[in-house]
There are 4 protein chains.
Amino acid sequence: MTDASPARPNLSNPRVRRTRDRVLAVARELLADVGPAALTYSLLSERGQVTRQTLYRHWPTREALLVDVILESGDGSTYPEPGNDPQTVITAYLHSLRHGLDGPATAGALMALAAQADRDPEAANTLATISEDRHQALNRLLEPSGLQMTADDFAQLVGPVMFRRFISRQPVTDAAIDTAVSQWLTSRRAGAD
Amino acid sequence: MTDASPARPNLSNPRVRRTRDRVLAVARELLADVGPAALTYSLLSERGQVTRQTLYRHWPTREALLVDVILESGDGSTYPEPGNDPQTVITAYLHSLRHGLDGPATAGALMALAAQADRDPEAANTLATISEDRHQALNRLLEPSGLQMTADDFAQLVGPVMFRRFISRQPVTDAAIDTAVSQWLTSRRAGAD
Amino acid sequence: MTDASPARPNLSNPRVRRTRDRVLAVARELLADVGPAALTYSLLSERGQVTRQTLYRHWPTREALLVDVILESGDGSTYPEPGNDPQTVITAYLHSLRHGLDGPATAGALMALAAQADRDPEAANTLATISEDRHQALNRLLEPSGLQMTADDFAQLVGPVMFRRFISRQPVTDAAIDTAVSQWLTSRRAGAD
Amino acid sequence: MTDASPARPNLSNPRVRRTRDRVLAVARELLADVGPAALTYSLLSERGQVTRQTLYRHWPTREALLVDVILESGDGSTYPEPGNDPQTVITAYLHSLRHGLDGPATAGALMALAAQADRDPEAANTLATISEDRHQALNRLLEPSGLQMTADDFAQLVGPVMFRRFISRQPVTDAAIDTAVSQWLTSRRAGAD
DNA sequence: TTATAAACGAGACGGTACGTCTTGTCTTATG
DNA sequence: CATAAGACAAGACGTACCGTCTCGTTTATAA
């Protein structure tokens, strides 16, 4: 049994770590500057003081790079605080989501993945995983309130925000977020009756 | 002052029309076969019995081609019938939307646009226009019922479907559609109180 | 039946001719300057005001390029005059051969071919063809004298010169040439007895 | 004064010896299998159970490796017996030479050296040395006969064989060898008159 | 017998070249 | 004389080797 994929650099090696972090930082910059389509390995290599070959060693596929960019979205934008009042928590969550999608780096990487997900199962998987992550993150914030969301609920809340941001291209206003939250809460209360 | 854009072929010329339609048909096939990223002018020219030059004349930019593909989505998938019962109409509409996004041609082109919309105002505009089109289409279907939707409403309904289809990558089940519709109706009725 | 090899540029096209001649000239220069091993398509492209892609179109393989360099050895070094006296003609021929192998361009290309001929039948063929060419050229020079050489004779004459030039790396002196010629003539006369 | 070249492994160390011999054996195999151009350090390292680094330690340059391969041509092909009759001895010698050049390992290495000798004085030297070696070896075989060859004589005999083998690419037949030998003997006798 | 020096394995890295692909422009011959 | 065929420049792709550089580990020799 030969090794199918040639083994990516060992992250416990500090040199490797250094290289990787530096490149990811530059990648984020470039993603914001030139967009995902123009984020070529050629460009990244010359801006990142690194050889193209090194990029391939770390991220055999451009998609792998995008994943790392999204997952370790280096802006340190933190999630809001957990809390007892669902409406407050959810609203704060959607605000933070909106903020996370404002910077063109993460948003660009996300759409790049989405664009190829229909043909690239790995990209599709990654998207699913990311969604699930964010879903669980919200549930953790909601824990003190005793409320938990299903995937359906999550789609119901986040979908409208995403739709405005990426498809209909209308600004995601505070009002729009409020609408989404209150609609969901209303219908939920009604359903509970 | 030189002419910035060299004038695209005159659509009233039947020969032009023929060429254009033939190419668009092939483009749709290829879009389904190989995906938007692999839909190159080179490939399209050889499959479409046309010179690359001709493609450039018709669609100076790849994005222009994608727009035409989306707008004239040739599958003949028709909208549902208008009707008096909002719930029925809306549900039928979402079903047809889901169906339209099942074929990988339109969906692929759509995401390709979305991926570059952050950097390409024209793509962004196109997306906005398309969204608005579909929004108005729904409103036309709803006319008999006397009900009309705001952009907010539309996002609230369509967003969750899109989110599942393109981001969280869960199947868009009938149940999910029902949930979206009933939530929206419920909250609406509650708001009307 | 698909076209296996993508068809090389049409030499009757003047643009093609121009490009080709320019590149071959530069190739000869570089061959002399840096040797056959360092004559990369990359280097050739940048010195020749030409894209790498263009080089590949003209000479799909580096060997094809070397062949053209050898066959159209542009130095215009002419063969000597035909004549009645075999000894004079043959000696003159070997002098011109030596001169042709002095310039590092042709000699380098020749050895490059020889080095890969054991594994590359095309290279082997090319070498055989070139040898045969030179053999016939000599016979043409000898026609007035009524004498003709077999392949054996040719090897007997040219071999020692090649050996000194490429293997034993001794200078090919006038004396060495005289020895080769007179040995061959002597033994020939002896054999005729 | 820093040490220009980092000192190659000490051959008196048995571990070194082991490594070296093992690698050379593999190198010979590979040379026959894939030819000199494809005998990369990468390939050699993985086939030879050895790191690339180790190869560089032993043979700082690929050429140094080829020299070792040629000089210690491990096939154990022995020279023929010395004897009194020059014709017999010389013929036997040329047969053994032909045999030595039949196996693609030595022949390939030899031409690889020849191809770079014009630009690499070390390669040129090595070739000269090797030639001289073989020349002296023949003279040793001829000692019982009282006959000795000059470098000129040697070139006159060996050149035609080499030429057929490497340049004109005709088979080196027994007849060709006989011709070479008898021509040389004839002219020699004639010259002695 | 244990240091100590050398050889070695493992593998990251900056380079350079490869052969291929698509793009947009430009040239040429032809119908 | 307008247009197809296709040559070309530009530049990214993914891969292969190269030569160099750590850093641990093993082996051999010498104290």
Side-chain angles (χ1 to χ4, degrees), chain A residues 6-11 13-20 37-46 48-62, chain B residues 6 37-46 49-57 60-62, chain C residues 6-20 37-46 48-58 60-62, chain D residues 6-20 23 37-46 49-58 60-62:
Chain A
R8 294 164 63 175
N10 185 348
L11 289 192
N13 179 331
R15 174 154 71 135
V16 169
R17 195 100 234 175
R18 248 169 3 236
T19 301
R20 179 191 140 97
L39 178 61
T40 68
Y41 272 24
S42 295
L43 180 59
L44 187 50
S45 82
E46 92 188 16
Q49 309 282 42
V50 116
T51 309
R52 229 150 40 82
Q53 184 62 44
T54 298
L55 296 182
Y56 282 108
R57 264 189 294 258
H58 281 256
W59 301 276
T61 202
R62 227 179 64 97
Chain B
L39 177 61
T40 68
Y41 273 26
S42 295
L43 181 59
L44 189 50
S45 82
E46 86 187 22
Q49 310 281 42
V50 163
T51 310
R52 234 149 34 83
Q53 275 304 348
T54 302
L55 295 182
Y56 282 110
R57 248 173 265 139
T61 201
R62 225 178 68 97
Chain C
R8 295 165 64 176
N10 184 347
L11 289 193
S12 64
N13 178 329
R15 177 155 69 138
V16 169
R17 196 98 232 177
R18 240 156 26 220
T19 302
R20 179 190 140 98
L39 178 61
T40 68
Y41 272 26
S42 294
L43 180 59
L44 187 50
S45 84
E46 93 187 14
Q49 309 281 42
V50 116
T51 309
R52 233 147 40 78
Q53 184 62 46
T54 298
L55 296 181
Y56 282 107
R57 259 190 302 262
H58 281 256
T61 202
R62 226 180 64 98
Chain D
R8 294 165 63 174
N10 184 346
L11 288 192
S12 64
N13 179 327
R15 176 154 68 136
V16 168
R17 196 95 232 179
R18 249 172 2 237
T19 301
R20 179 190 139 99
V23 169
L39 177 62
T40 68
Y41 273 25
S42 294
L43 181 59
L44 188 49
S45 84
E46 85 186 22
Q49 309 280 42
V50 118
T51 310
R52 261 170 59 242
Q53 191 54 266
T54 299
L55 295 181
Y56 281 107
R57 267 188 292 256
H58 281 257
T61 204
R62 224 179 66 99

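Lettering follows sequence order; numbering is per chain, from 1.
Side-chain atoms of B:Gln53 and base atoms of F:dA4 include no donor and acceptor less than 3.5 Å apart.
Between C:Asn13 atom CG and F:dA4 atom P there is a gap of 18 Å when expressed in whole angstrom units. Rounded to whole Å, atom P of F:dA12 lies 12 Å from atom CG of A:Leu44. In this entry the distance linking CG of B:Leu39 with C1' of E:dT23 reads 14 Å, nearest Å. For the pair D:Arg8 CZ and E:dA6 P, the computed distance is 17 Å after rounding to whole Å. Computed from coordinates, the C:Tyr41 OH to F:dA10 P distance equals 19 Å when rounded to whole Å. With rounding to whole Å, D:Arg20 atom CZ is found 17 Å from E:dA6 atom C1'. Between C:Leu11 atom CG and F:dA7 atom P the separation is 10 Å, expressed in whole Å. Atoms CZ (D:Arg57) and C1' (E:dC8) sit 5 Å apart, rounded to a whole Å.
Across B:Arg52 and B:Ser45, no two heavy atoms sit closer than the pair N-CB, 3.8 Å. Nearest heavy-atom pair across A:Arg57 and A:Pro9 is O-CD, 3.0 Å.
D:Arg20 places none of its side-chain heavy atoms less than 4.5 Å from the side chain of D:Val23. Side-chain atoms of C:His58 and C:Leu55, non-hydrogen and from C-beta on, never get closer than 4.5 Å to each other. Counting heavy atoms from C-beta on, the side chains of D:Thr40 and D:Arg62 never come closer than 4.5 Å.
Applying the 4.0 Å criterion to OP1 and OP2 of E:dA7, one finds that D:Thr19 has every side-chain N and O outside that range. Between D:Arg18 and F:dA28 there is a side-chain N or O to OP1 or OP2 distance below 4.0 Å. Side-chain N/O atoms of C:Ser42 include one lying less than 4.0 angstrom from OP1 or OP2 on E:dC18. OP1 or OP2 of F:dA7 has not a single side-chain nitrogen or oxygen of C:His58 nearer than 4.0 Å.
Residue C:Thr54 is in sugar-phosphate contact alone, with no base atom involved, counting any heavy-atom pair closer than 4.0 Å across all strands shown. Contacts of D:Pro14 with the nucleic acid, taken as non-hydrogen atoms under 4.0 Å apart, involve only primed sugar atoms and P, OP1 or OP2. Using a 4.0 Å heavy-atom distance criterion, D:Thr51 is classed as a base contact. In this structure, B:Gln49 reaches neither bases nor backbone, as no heavy-atom distance under 4.0 Å exists between it and the strands shown.
For the pair A:Asn10 and C:Arg15, both in contact range of DNA chain E, the more 5′-proximal nearest nucleotide belongs to A:Asn10. Mapping D:Leu43 and A:Tyr56 onto DNA chain F via the closest heavy atom, the residue that lands nearer the 5' end is A:Tyr56.
Comparing E:dG19, E:dG14, F:dG11 by their closest approach to the side chain of C:Arg52 singles out E:dG19.
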